[in-house]
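Presented below is the structure to which this report refers.
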Amino acid sequence: MATRSTRDWILHVDLDQFIAAVELLRHPELRGRPVVVGGTGDPTRPRTVAATATYEARAHGIHSGMPLRTAYKRCPEAIFLASDPPAYEAASREVMAVLREFPVRVEIWGWDEAFVGATTDDPEALAAGLQRAVRARTRLTCSVGIGDNKHQAKLASAFAKPAGVHLLTSDNWAETMNHRSTDALWGIGAKTAGKLAAHGLHTVAQLAAADPADLARHFGPTNGPWYRYLALGKGEAEVVTTPWIARGHSRETTFEHDLTDKADIAHHITKLAGRVARDTIDAGRQATRVTVKVRYTPFLTRTRQAKLPATTADPAAITQTALTVLGRFDLDRPVRLLGVAVDYAMPDDQPALDHLD
DNA sequence: TCTGGGGTCCTAGGACCC
DNA sequence: TCTGGGGTCCTAGGACCC
């Protein structure tokens, strides 16, 4: 291969089967067996879904997002494990620490992913070095995508699975992506792909060639042109190493049995609001707005929100506002989920000043 | 397949104001 | 008197992602 000149690259590091891999490190005797992780690990419990499934479980048609009861029917001999977020959090921190020991910029993107910005003439060697270090220190394997921007690198890491390295740049973008369906792009899902197809735009190539003004008319002034931008293989190329500042925070619960008693519903909202308030205090943040979410049976979701009288983290104030907002819902039908969310005040939000002139 | 939990961002319509 | 245009804020919902 020809020698490359030194320049900036974006790498996307994606841990392979992260949750399952962490569980198999703790339960090595389960290696090679169908394992499903989710909820409390009780496959008879309704309204619980799989967080992940090993390749052996996938061979039985099980996949993440599938109700555990369905997974159990498909493969009764599968091992069902409870989800253990603190364990995944800890494993994730170890991986990210390994990445940060390299002379690169690291942007954490969830438990099992990170973007790495590097200036190098050999991105493949860097990718292999990252993989070796992560495996040596954590016994976890990862796939690495290499691109000119985050979008390309993100798609490339999927092509690299499992445990491989794949390069997707502006040079091979068209040949790799043009024939694919638009939902192959990062940010276009099933719904948008369906709407695009209804406009005659089925493939990435067709979307790339579409008229931006026409897209803006049909898909919104920001989204329409953005879809075309994605189809051209463009994307954000800046790796942000400063910690992410959360925009908000929420807690929600799906109940195994529907709630019908209004006092019971209010009690659960009080508990959820209290948790959100404690989380807000723990995060050292302040809330500006409270949103209450109600999901009725069978699956109709409604939200109502209100601005807090003043920016606060006070549990009593947040709970009171949540209960007031709850009062605006129809509670005469069975409820399967309740949630409470807050918007956080952002650090650059200026307090409102009274203008006196 | 009877559908989790936790996030982010965009859009559209209405209120309100000048 | 029946009637414009724009700007901003608020709200609810939707789409997408991990």
Side-chain angles (χ1 to χ4, degrees), chain A residues 12 14-15 17-19 36-43 45-53 60-75 82-83 85 88-89 92 108-114 150-151 154-155 157-158 182-183 185-196 216-227 230 236 244-256 258 272 275-276 279 283 288-308 325 328-329 336-344 346 352:
Chain A
H12 181 251
D14 198 331
L15 278 299
Q17 291 267 288
F18 175 61
I19 291 173
V36 182
V37 183
T40 61
D42 175 0
R45 197 179 163 92
R47 298 179 178 179
T48 307
V49 302
T52 192
H60 290 83
I62 298 171
H63 55 80
S64 63
M66 173 177 282
L68 288 188
R69 292 205 297 186
T70 306
Y72 183 64
K73 278 181 213 149
R74 295 202 176 184
C75 184
S83 178
Y88 314 141
E89 187 81 48
S92 176
I108 296 168
W109 202 272
W111 278 343
D112 59 348
E113 301 176 45
K150 291 179 183 172
H151 182 208
K154 168 79 184 176
L155 297 188
S157 69
T182 55
D183 60 4
L185 301 169
W186 188 35
I188 295 186
K191 296 275 186 178
T192 302
K195 285 189 216 164
L196 290 166
R217 260 194 308 282
H218 288 103
F219 299 97
T222 303
N223 288 339
W226 173 250
Y227 298 151
L230 292 178
E236 179 64 56
W244 176 254
I245 299 171
R247 267 60 172 165
H249 180 67
S250 67
R251 294 283 185 175
E252 64 185 53
T253 306
T254 293
F255 302 98
E256 194 173 343
D258 291 343
L272 288 164
R275 286 180 70 191
V276 168
D279 295 337
T288 61
R289 167 180 305 280
V290 177
T291 300
V292 172
K293 176 163 151 185
V294 175
R295 177 127 72 210
Y296 300 104
T297 301
F299 209 74
L300 176 72
T301 307
R302 289 288 176 261
T303 61
R304 296 284 181 274
Q305 56 185 232
K307 223 180 141 175
L308 282 156
V325 171
R328 288 159 45 201
F329 282 90
R336 63 172 281 152
L337 171 150
L338 292 173
V340 173
V342 291
D343 288 2
Y344 283 151
M346 293 304 287

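Per chain, numbering begins at 1; letters A, B, ... match sequence-line order.
- At whole-Å resolution of the value, NZ in A:K195 and C1' in C:dA15 are 8 Å apart.
- A:R336 has no side-chain polar atom (N or O) that falls below the 4.0 Å cut-off from OP1 or OP2 of B:dC2.
- B:dT3 atom P lies 15 Å from atom CZ of A:F255, rounded to whole Å.
- At the phosphate of C:dC18, OP1 or OP2 sits under 4.0 Å from a side-chain N or O atom of A:W186.
- Remark: C1' of C:dA15 and CG of A:L230 are 14 Å apart, rounded to the nearest angstrom.
- Set against B:dT8, C:dC16, B:dT3, the side chain of A:T192 has C:dC16 as its closest nucleotide.
- For A:T254, no side-chain nitrogen or oxygen approaches OP1 or OP2 of B:dT3 to under 4.0 Å.
- Regarding A:I19, its CD1 atom lies at a distance of 13 Å from the C1' atom of B:dG6, rounded to whole Å.
- Consecutive pairing runs in DNA chain C reach the stem threshold at B:5-18 with C:5-18, where a stem means at least three Watson-Crick or G-U wobble pairs with distances under 3.5 Å.
- Within the structure, every side-chain polar atom (N or O) of A:R295 is placed at least 4.0 Å from both OP1 and OP2 of B:dT3.
- Atom CG in A:L337 sits roughly 19 Å away from atom P in B:dC2 (whole-Å rounding).
- For the pair A:R247 and A:Y344, the cation-pi test (distance below 6.0 Å, angle within 45°) is failed.
- Summarising the geometry, atom NZ belonging to A:K293 is positioned 10.5 Å from atom OG1 belonging to A:T291; distances are rounded to the nearest 0.5 Å.
- Side-chain N/O atoms of A:R336 and A:T254 include no donor and acceptor closer than 3.5 Å.
- Taking every side-chain heavy atom of A:K191 into account, C:dA15 is the closest of C:dA15, B:dT1, B:dG5.
- A:L196 contributes atom CG, which lies 5.5 Å from atom CD1 of A:I188 (distance to the nearest 0.5 angstrom).
- For A:Y296, the ring pair (Phe, Tyr, Trp, His ring centres under 6.0 Å) test picks out no residue, with sequence neighbours left out.
- Between the CG atom of A:D183 and the C1' atom of C:dA15 there is a distance of 13 Å, given to the nearest Å.
- Contact between the side-chain N/O atoms of A:H63 and the OP1/OP2 oxygens of B:dT1 is not found at any separation under 4.0 Å.
- For the side-chain contact (heavy atoms from CB on, under 4.5 Å) with A:L68, the qualifying choice from A:V37, A:D42, A:T48 is A:T48, the only one to do so.
- Using a 4.0 Å cut-off between charged side-chain N and carboxylate O, A:R47 and A:D258 make a salt bridge.
- The line from CG of A:L155 to CG of A:L185 is 6.5 Å long, rounded to the nearest 0.5 Å.
- A distance below 6.0 Å separates the ring centres of A:W186 and A:W109.
- To the nearest 0.5 angstrom, A:I108 atom CD1 is 6.5 Å from A:S92 atom OG.
- Using a 4.0 Å cut-off on heavy atoms, the residues of residues 298-307 of chain A that approach DNA chain C are A:R302, A:T303, A:R304, A:Q305, A:K307, listed by number.
- The shortest non-hydrogen separation linking A:V290 to A:V325 is O-CG2, 4.5 Å.
- Because its NZ or CZ atom is not both nearer than 6.0 Å to the ring centre of A:Y72 and within 45° of the ring axis, A:R74 does not count as a cation-pi partner of that residue.
- For the pair A:Y88 OH and B:dG4 C1', the computed distance is 14 Å after rounding to whole Å.
- A:F255 is linked by a ring pair (Phe, Tyr, Trp, His ring centres under 6.0 Å) to A:H268, counting only residues two or more places apart in sequence or in another chain.
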Report each atom pair, protein N/O against N/O of nucleotides 9-12 of chain B, whose distance is under 3.5 angstrom.
residue: B:dC9; atom: OP2; partner: A:R247; partner atom: NE; Å: 3.4
residue: B:dC10; atom: O3'; partner: A:N223; partner atom: ND2; Å: 3.3
residue: B:dT11; atom: OP1; partner: A:P221; partner atom: N; Å: 3.3
residue: B:dT11; atom: OP1; partner: A:T222; partner atom: N; Å: 3.0
residue: B:dT11; atom: OP1; partner: A:N223; partner atom: N; Å: 3.2
residue: B:dT11; atom: OP2; partner: A:T222; partner atom: OG1; Å: 3.3

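- Taking only side-chain atoms of A:T253, from C-beta outward, the nucleotide of B:dT1, B:dT3, B:dG5 with the closest atom is B:dG5.
- Note that NE2 of A:H249 is 12.5 Å distant from CG of A:D343, once rounded to the nearest 0.5 Å.
- In this structure, A:L272 places its CG atom 10 Å from P of B:dG5, rounding to the nearest Å.
- In this structure, CD1 on A:I62 lies 9.5 Å from OG1 on A:T70, to the nearest 0.5 angstrom.
- Comparing the C1' positions of C:dC17 and B:dG4 gives a spacing of 15 Å, expressed to the nearest Å.
- Taking a 4.0 Å limit (strictly below) on heavy-atom distances, residues 65-73 of chain A does not reach DNA chain C anywhere.
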